[in-house]
Amino acid sequence: MSQNSVTEDVPLLQRIRENPRPALIWGGIMALLFMLEFGAVATTILGFISSVIAAIPGDTGASLAAAFKDAAASAAQIPTLTSRELIPNQGYQESANGPWVNTFLGLEPKWAWLIRVLLTYTYAFTFLAWVLVGYKVFRDNYRYADWTPRDDVVRRMKNHRWGQFGFTIVFLFVIMAVFAPTLGPTTFDENIDRPYENQFKYFNEDTQSVQESFVGDANLMTASRGAGSTNIQPWQYDEYGRFHPFGTMPTPGQDLFTFMVHGARVSLFIGLVSISLSTFLAAGFGLLTAYYKGLVDLATVVASDSIMSLPQLLILILLSVVFSDHWLSSIYNGGLLIALIFAGTGWPFLWRAIRGPAFQVSEQEWVDAARSYGQRSTVTMKKHMLPYILGYLLIYGSMTLGGIIIGTSALSFLGLGISPPTPEWGSAISAGQNYVTTDAWHVSLIPGLLIVLVVTAFNALGDGIRDSLDPKSGVGDDTGGEAAAAAGGGGG
């Protein structure tokens, strides 16, 4: 869009009204993508609200939680593109070599499951492409400036292979968490939460007939305990014709892949909540101490150093035990409590990381000019100082997320933190630690490798963001190296 047709003072909505076609096409694709997964989105949101409200003491909270739970159940009936009802993978054979019944197109369960997984990730990458196209549509059609520092940040990220590796793995991890109910070969309710309230059909080779069994009984018979012939390793079927991409766990023999995808959801929830709260606190204290200095800074230094001087893991264990009977520990089976503890003990590290840049910007002439014109302190901090430290918060926040995932897994490994039956990756490592050198090696090895991969990816993503925001990093071409890019990627 040329500067002749659009000026800086024209609001974005007016620019869209003057040239609606690109925005309408982009919005139409958004509506189509949203409609394809509306049922899943509504179910997830309503289910989460129900679990939060259920933790509030009193009859009012219980009635509201029941209403949201019913609404979530109704939303679950809405068909979606990637639902297991559309592409089922849990079926049975009517004879030894007969066709599969109740699977997608009569395929073997592993192929039906694989098709659903590929379709889910195809949908996710299509959504990602839609977001990237949206930025291009805005830049080419509705932005008044031909160039902003953000363009150089994007260009440097395009040439940062290590950062792209981190972004790809983190994106796959997020999709695993968001689409956990779809990706699992079986459901959380059947396999983990209520295995003795759910039955399934299978072909019994001994009786040469189709029979029914409780999921819990079948899980016990197919558990991987490191010895004997019942070990179900990755990419194998069990004797009931159920496919296990990652094998099965020890007692009570849950499907490991289903456990892992739902565990990813817990890890992501804890990580995002804790890092968001830590970032909010660090930004607030960073702005206050840099603007007022003196006693405000001294008090914050004493408070943060006091927290940092204590072993964080010890504090996590202590507070987890102290608040184990508190109503907060009932939300997400302790997930919210752990997130709050991480936030309360983690903000000093983030604040220390941005304290220097915040003090640096507070000494700039534009901040003094804003003060001299009588601008309110909150406006000055928000408008003239916050953009400068946002880039640093983004870098250190992405790197800290990996540490939170490790800390959460460590608590679960020690038997603290997340309460069963809610799955968590550290619990899987703990369950399989006695079978590492046996045929059930996969129980600990696969969760351990995934934790290492995800934590490395978050660090790689942080490196990529840091180098992309720094015009002197040498990544990509060095054009447009304005100092504004180093100030957090701001710009119009």
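Both backbone and side-chain heavy atoms feed into the values below; hydrogens, waters and symmetry mates do not.
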Report task. Count the heavy atoms belonging to other residues, nucleotides or ligands that lie under 6.0 Å from CZ of Phe38, then report whether that count exceeds 12. Result -> no
Query raised in the report: Counting distance only, does the side-chain N/O of Asp470 pair as donor-acceptor with the main-chain N or O of Arg466 below 3.5 Å?
Result: no
Requested in this report: Apply side chain to side chain donor-acceptor pair (under 3.5 Å) to the pair Tyr202 and Gln93, showing each step before the final yes or no.
Outcome: CA-CA 7 Å; Tyr202 71 100; Gln93 290 176 293; over 6 Å; no
Query raised in the report: When you measure from the side chain of Glu197 to the backbone N and O of Arg194, does any donor-acceptor pair fall under 3.5 Å?
Result: no
Query raised in the report: Hey, which of Thr222, Asp255, Thr186 is the one that makes side chain to side chain donor-acceptor pair (under 3.5 Å) with Arg242?
Result: Thr222
Query raised in the report: Is a side-chain N or O of Gln233 found less than 3.5 angstrom from the main chain of Asp439, in a donor-acceptor match?
Result: yes
Requested in this report: Determine whether the aromatic ring centres of Trp347 and Phe280 lie less than 6.0 Å apart.
Outcome: no
**Report entry** Greater than 12 external heavy atoms within 6.0 Å of Phe269's CZ
**Finding:** yes
Requested in this report: Side-chain contact test, heavy atoms from C-beta onward, threshold under 4.5 Å: evaluate it for His442 versus Ser224 and give yes or no.
Outcome: yes
Requested in this report: Only one of Arg143, Arg139, Arg156 passes side chain to side chain donor-acceptor pair (under 3.5 Å) with Asp151; say which it is.
Outcome: Arg143
Requested in this report: Evaluate the side-chain proximity of Pro88 to Asn102: yes if any heavy-atom separation is below 4.5 Å, no if none is.
Outcome: no
Requested in this report: Among Asp238, Leu256, Thr258, find the residue that satisfies the side chain to side chain contact (heavy atoms under 4.5 Å, CB included) test when tested with His244.
Outcome: Asp238
**Report entry** Donor-acceptor contact below 3.5 Å, side chain Glu108 vs main chain Lys110
**Finding:** no
Query - Donor-acceptor contact below 3.5 Å, side chain Thr80 vs main chain Gly39 - result: no
**Report entry** Minimum side-chain heavy-atom gap Trp441-Val436 below 4.5 Å
**Finding:** no
Query raised in the report: Given side chains that start at C-beta, do those of Trp425 and Val454 come closer than 4.5 Å, heavy atoms only?
Result: yes
Query raised in the report: Would a distance-only check, ignoring hydrogens and angles, find a side-chain to backbone donor-acceptor pair under 3.5 Å from Ser430 to Gly426?
Result: no
Report task. Tell me whether the centres of the aromatic rings in Tyr396 and Tyr392 are closer together than 6.0 Å. Result -> no
Requested in this report: Would you check if there is a donor-acceptor pair between the side chains of Thr408 and Ser267 at a distance under 3.5 Å?
Outcome: no
Requested in this report: Give a yes or no on whether the backbone of Thr82 and the side-chain of Glu37 come within a donor-acceptor separation of less than 3.5 Å.
Outcome: yes
Query raised in the report: Do the side chains of Gln90 and Arg84 get nearer than 4.5 Å, heavy atoms only?
Result: yes
Requested in this report: Walk me through it: do Val137 and Tyr142 pass the test side-chain contact (heavy atoms from CB on, under 4.5 Å)?
Outcome: CA-CA 7 Å; Val137 168; Tyr142 302 112; 4.0 Å; yes
**Report entry** Phe257 ring center near Trp113 ring center (under 6.0 Å)
**Finding:** yes
Query raised in the report: Parallel, tilted or perpendicular: which describes the rings of Phe125 and Tyr121, with under 30° parallel and over 60° perpendicular?
Result: tilted
Query raised in the report: Would you say the side-chain atoms of Asn19 pair up with the backbone N or O of Arg15, donor to acceptor, closer than 3.5 Å?
Result: no
Report task. Please answer whether the main-chain N or O of Pro185 pairs with a side-chain N or O of Asn89 as donor and acceptor at a distance below 3.5 Å. Result -> yes
Query - Gln211 and Asn204 side chains, donor-acceptor separation under 3.5 Å - result: yes
Requested in this report: Answer yes or no on whether Arg225 is positioned over the face of Tyr435, meaning its NZ or CZ is under 6.0 Å from the six-membered ring centre and within 45° of the axis.
Outcome: no
Query raised in the report: Would you say Leu128 and Phe167 make side-chain contact, with heavy atoms under 4.5 Å?
Result: yes
Report task. Kindly say whether Met176 contributes a backbone atom to a donor-acceptor pair with the side chain of Arg265 at under 3.5 angstrom? Result -> no
Query raised in the report: Going by distance alone, is a donor N or O of one side chain under 3.5 Å from an acceptor N or O of the other, for Gln14 and Arg17?
Result: no
Query raised in the report: With a 4.5 Å limit on heavy-atom distance, are the side chains of Phe104 and Leu107 in contact?
Result: yes
Requested in this report: Report yes if the side chains of Ser320 and Ile341 come closer than 4.5 Å at any heavy-atom pair, otherwise no.
Outcome: yes
Query raised in the report: Which is it for Thr168 and Gln164 under the side chain to side chain donor-acceptor pair (under 3.5 Å) test, yes or no, and what are the steps along the way?
Result: CA-CA 6 Å; Thr168 303; Gln164 290 174 4; over 6 Å; no
Report task. Report the relative orientation of the aromatic rings in Phe200 and Tyr240; use parallel for angles under 30°, tilted for 30 to 60°, perpendicular for over 60°. Result -> perpendicular
**Report entry** Trace of the ring-ring contact (aromatic ring centres under 6.0 Å, His included) decision for Phe243 with Trp111
**Finding:** CA-CA 10 Å; Phe243 177 63; Trp111 298 121; 8.6 Å; no
